[in-house]
Amino acid sequence: MAAVTNTNNLTGLARAMVNHGWLSESDAEGVWKRASQSGESFVSELIKGGRYKAGQVAEFAAVSFGFPYLDLGAMDPESLPQGLLDPKLVQKRRVLALYQRGNKLYVATSDPTHLQALDEVKFQTGQAVEPVVVEDDKLGKLIERSGETAESTLAVLNTEDLNLEFADEESTAQQDNGGIDIDDAPVVRYLQKIMLDAINLGASDIHFEPYEKYYRIRYRRDGILSEVAQPPMAIKDKVASRIKVLSKLDISEKRVPQDGRMKLVLSKNRAIDFRVSTLPTLYGEKIVMRILDPTSAQLGIEALGYEPWQKEVLLNAVQRPYGMVLVTGPTGSGKTVSLYTCLNILNKPDVNISTAEDPAEIQLPGINQVNVNDKAGLTFSAALKSFLRQDPDVIMVGEIRDLETADIAIKAAQTGHMVMSTLHTNDAPGTLTRLLNMGVAPFNVASSVILITAQRLARRLCSCKKPVDIPSEALLAAGFTADQLDGTWRPYGPVGCEICGGTGYKGRVGIYQVMPITDAMTRIILKGGNESDIADQARREGVLDLRQAGLLKVKAGLTSLEEVEAVTNL
């Protein structure tokens with residue numbers, strides 16, 4: 001009677017093998033019993049008996065239950081994500097994380113019907129779990145290789161010579177003694193590796209994020225955030241303390257946000273600055289590091305993506321002896337790089353350039369850069385007033401945030417200085433309305449602003465791109481004119497390869513709306529015209545809006561239509 005009960009308890013893969021005639025009821029029951037007694041999985045015990053090979057069982061499970069089948073022999077063990085699953089869970093339940101796609105985690109298992117194992121993975125990671133069927137013997141070998149704990153992995157990093165050093169390391173060493181033990185050297189090496197990998201991958205930001213049950217690190221590449229590691233929870237405070245020491249922040253203060261910066265020396269000729277921001281969250285301090293590579297400001301205006309006539313208009317404006325040039329766009333749209341590029345063009349021995357920034361992102365030799373400090377009273381407006389007593393030729397203000405700063409900047413532009421600054425607006429015509437709403441008099445706006453550039457950054461297609469068929473109706477709806485659809489070109493779309501990491505995109509290209517302020521626009525401003533009136537006039541004068549400028553990049557094969565539609569408004 002007991003045997004019948006046990007047989008009825010056969011579920012999942014064992015039941016399927018009985019139903020398909022691969023095993024008899026008694027054989028399946030015997031394997032199940034032996035597996036229970038030895039602590040092995042049903043599949044491992046079945047293969048140990050020698051009746052079936054691991055490949056046969058995996059193929060049967062994949063076909064029977066409709067899950068994908070993967071040959072682990074073709075996988076590079078180094079490419080598997082580390083730290084996603086607790087090593088104890090991996091060993092006990094015989095599961096292994098393969099890769100992530102959004103909030104979905106793909107897990108290798110030899111028994112996709114082992115729901116308890118999959119539920120435990122889901123509970124631990126908080127992600128949707130998709131099983132991928134693999135051969136049990138290969139899975140066992142891979143689990144054995146990955147059996148070393150995350151702590152021992154960090155210890156290995158301690159023996160590596162990354163040939164890196166942090167600037168001002170000696171001055172921070174004294175602070176280290178107060179907050180970091182010498183035993184935490186592996187954490188230091190781990191942090192160096194994370195930063196170096198981010199630089200090599202071309203990331204713009206590194207996010208260190210503590211949560212209740214896990215700690216993750218993400219990179220922002222080409223404007224897209226992606227997870228790169230889940231180190232042990234135990235090191236999150238040590239990583240935060242190390243970053244704060246190097247950034248000259250208060251280690252003991254964890255209740256309020258802090259801002260700082262550090263420098264990572266890669267070689268005698270190259271150092272990378274990091275702007276560091278800490279934020280107290282429910283489960284610890286989230287830290288974001290903005291990577292500030294000085295070489296990005298030395299690319300030259302040709303590399304930014306301006307159309308030839310846009311570049312000519314911009315250069316003519318910034319090389320005038322006085323006036324105001326404004327660069328607008330959302331955070332992360334490349335405004336700072338555009339301004340620095342213009343400053344580099346003007347940076348000559350006979351030109352006195354001063355900048356007020358919050359903070360100075362990239363240090364440029366030959367330019368007098370000032371970090372504003374609101375707590376100390378060094379605001380944008382205070383810095384501007386001081387600049388005007390320093391015999392400047394060119395002034396750059398990081399951002400016009402209030403009426404006082406706007407008034408001083410405009411007066412500087414009216415009295416023989418070239419002034420550059422940024423504003424957060426959606427497009428160029430909206431910038432003029434923003435200034436008027438701040439309280440700047442229309443006459444002052446009309447007499448000082450000579451050019452406004454609005455910009456966005458779109459992901460650039462990788463060399464693996466391919467032509468795509470898009471109906472002409474869809475292209476017309478996106479903003480193309482009938483004349484542009486002359487059949488001499490085709491739009492391209494992303495494919496994905498090793499170079500771009502499978503995304504189909506590598507790097508970014510700028511999309512620009514360059515709007516010089518003409519006499520006709522000046523009259524509209526003085527008459528109290530609104531944003532729509534200025535936009536209409538700009539259109540009559542041939543100024544491309546952001547969507548039209550983006551479509552030119554699509555036509556040139558630099559980016560995809562989907563990308564342009566995502567970053568611009570029609």
Side-chain angles (χ1 to χ4, degrees), residues 12-13 41 43 58 61-62 64-136 138-151 153 190 194 197-198 201 203 206-221 224-236 281 283 286 496 498 500-504:
L13 185 60
S41 70
V43 176
S64 298
F65 296 98
F67 291 111
Y69 173 72
L70 176 70
D71 180 10
L72 280 181
M75 289 286 293
D76 177 12
E78 301 297 326
S79 69
L80 297 176
Q82 301 296 319
L84 283 179
L85 300 180
D86 187 326
K88 293 180 181 177
L89 173 61
V90 171
Q91 296 282 347
K92 180 181 178 183
R93 296 303 186 190
R94 248 177 134 68
V95 290
L96 199 62
L98 291 174
Y99 52 89
Q100 287 178 292
R101 291 291 183 272
N103 66 341
K104 191 174 289 187
L105 179 65
Y106 291 83
V107 175
T109 176
S110 57
D111 185 357
T113 66
H114 194 348
L115 299 182
Q116 185 177 354
L118 299 177
D119 285 343
E120 286 185 30
V121 171
K122 182 178 180 180
F123 178 77
Q124 186 188 112
T125 62
Q127 300 186 53
V129 176
E130 284 288 332
V132 177
V133 182
V134 297
E135 296 166 49
D136 189 74
K138 292 180 180 178
L139 176 63
K141 290 177 182 177
L142 205 53
I143 289 175
E144 191 176 333
R145 284 188 60 180
S146 66
E148 58 181 358
T149 65
E151 286 78 6
T153 302
Y190 184 69
I194 288 293
D197 286 348
L201 290 170
I206 310 173
H207 293 240
F208 298 85
E209 300 172 315
Y211 296 96
E212 183 180 12
K213 297 185 181 298
Y214 66 100
Y215 180 51
R216 73 177 177 185
I217 299 173
R218 294 192 289 175
Y219 292 161
R220 186 179 292 279
R221 297 173 58 197
I224 306 297
L225 270 174
S226 59
E227 185 174 309
V228 294
Q230 280 200 15
M233 290 284 288
I235 73 167
K236 67 183 178 70
T281 67
Y283 303 106
K286 171 175 178 173
E498 291 184 2
C500 60
T503 65

Rounded to the nearest 0.5 Å, what's the gap from CG on Leu142 to CZ on Arg94? Could you check?
11.0 Å

Provide the closest heavy-atom pair for Val121 versus Val95 in the form atom of the first, atom of the second, distance.
CG2-CG2, 3.9 Å

Is the number of heavy atoms from other residues, nucleotides or ligands within 6.0 Å of NZ (Lys122) greater than 12?
no

Can you name the salt bridge (Lys or Arg N to Asp or Glu O under 4.0 Å) partners of Asp111, sequence neighbours left out?
none

How far apart are the closest heavy atoms of Ala61 and Val133, and which atoms are they?
CB-CG1, 4.1 Å

State which residues pass side chain to side chain donor-acceptor pair (under 3.5 Å) with Asp119; sequence neighbours excluded, sorted by chain then number.
none

Please lay out, stage by stage, how Leu98 and Leu72 fare under the test side chain to side chain contact (heavy atoms under 4.5 Å, CB included).
CA-CA 10 Å; Leu98 291 174; Leu72 280 181; 4.0 Å; yes

Is it the case that more than 12 heavy atoms not belonging to Arg93 sit under 6.0 Å from its CZ atom?
yes

How far does CZ of Phe67 sit from OH of Tyr106, to the nearest 0.5 angstrom?
12.0 Å

Counting N and O atoms only, with roles assigned by atom type, does the side chain of Ser110 sit under 3.5 Å from a partner on the main chain of Val43, one being a donor and the other an acceptor?
no

How far apart are the C-alpha atoms of Thr109 and Val132, what are their side-chain angles, what is the distance that settles it, and do they pass the side chain to side chain contact (heavy atoms under 4.5 Å, CB included) test?
CA-CA 6 Å; Thr109 176; Val132 177; over 6 Å; no

Any idea which heavy atoms bring Gly12 and Phe65 closest together, and the distance?
O-CZ, 3.8 Å

If we ignore angles and hydrogens, is there a donor and acceptor under 3.5 Å between the side chains of Tyr69 and Glu135?
yes

Indicate yes or no: does Glu227 engage Arg218 in a salt bridge with an N to O separation below 4.0 Å.
no

